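Every value quoted in this text rests on a predicted model; they were computed, and no experiment measured them. FYI, the numbering just counts along the sequence from 1.
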Amino acid sequence: MFPEITVTELGEKLKSDEKFILLDVRELSELAYAKVTDSRLEVTPMSRLASEGVAALSESARSQEIPVYVMCHHGSRSVQVTMWLAQQGYKNMINVSGGINEYASRVDSSVGFY
């Protein structure tokens with residue numbers, strides 16, 4: 001298994017001043033449809049991770065000093081990325097169950113749907 005949080009839990013974290021990274025692994029074209037606006041958001045598409053490996057991650061994400069919440073559209077890609085990162089030895093990566101679609105449905109519809 002791997003660590004996971006719900007979109008409701010993510011919504012509470014986004015309201016806080018907690019230090020973390022929200023890693024969106026969707027493709028850049030998807031951001032036009034739905035996107036969380038927060039200074040802790042980092043976008044690294046899964047395709048880039050596939051081609052560049054962990055070097056595609058920001059230095060702050062690679063440092064493992066703060067939690068990294070991994071999000072995609074519905075939760076499938078983020079599960080794959082979270083599991084892959086765990087296999088690479090990363091310990092502070094947490095999947096966001098349900099992705100941005102469920103986040104928009106349950107927490108904040110202003111982020112958009114597609």
Can you measure from [atom1] ([X]) to [atom2] ([Y]) and round to the nearest 0.5 angstrom?
| X | Y | atom1 | atom2 | answer |
| --- | --- | --- | --- | --- |
| S60 | R40 | OG | CZ | 13.0 Å |
| R106 | N101 | CZ | CG | 11.0 Å |
| E102 | L10 | CD | CG | 11.0 Å |
| E30 | D24 | CD | CG | 8.0 Å |
| Y69 | E9 | OH | CD | 8.5 Å |

Tell me, do K13 and P67 make a side-chain contact under 4.5 Å, heavy atoms counted? no
Is there side-chain contact between L57 and L85, with heavy atoms separated by less than 4.5 Å? yes
How far apart are the C-alpha atoms of V43 and L31, what are their side-chain angles, what is the distance that settles it, and do they pass the side chain to side chain contact (heavy atoms under 4.5 Å, CB included) test? CA-CA 9 Å; V43 179; L31 299 178; 3.8 Å; yes
Evaluate Q80 against C72 for side chain to side chain contact (heavy atoms under 4.5 Å, CB included), listing each step before the verdict. CA-CA 10 Å; Q80 292 174 16; C72 66; over 6 Å; no
Q88 CD: over 12 foreign heavy atoms closer than 6.0 Å: yes
For Y33, does the OH atom have more than 12 heavy-atom neighbours from other residues, nucleotides or ligands under 6.0 Å away? no
Same cluster (ILVMFWY, side-chain, under 4.5 Å), [X] and [Y]:
| X | Y | value |
| --- | --- | --- |
| M71 | I21 | no |
| V68 | I94 | no |
| V25 | L41 | no |
| M46 | I100 | no |
| Y90 | L22 | no |

Any idea which heavy atoms bring [X] and [Y] closest together, and the distance?
| X | Y | result |
| --- | --- | --- |
| L14 | Y103 | CD1-OH, 3.3 Å |
| M93 | A61 | CE-O, 3.7 Å |
| A34 | G112 | CB-O, 3.3 Å |
| R26 | H73 | CD-N, 3.4 Å |
| N95 | E4 | ND2-OE2, 2.8 Å |
| A56 | L49 | CB-CD2, 4.0 Å |

Start with the C-alpha gap between S105 and F113, add the side-chain angles, then the distance that decides, and say whether side chain to side chain contact (heavy atoms under 4.5 Å, CB included) holds. CA-CA 8 Å; S105 295; F113 292 92; 3.4 Å; yes
Steps toward side-chain hydrogen bond (donor to acceptor under 3.5 Å, both in side chains) verdict (S47, E27): CA-CA 7 Å; S47 60; E27 296 304 311; 2.8 Å; yes
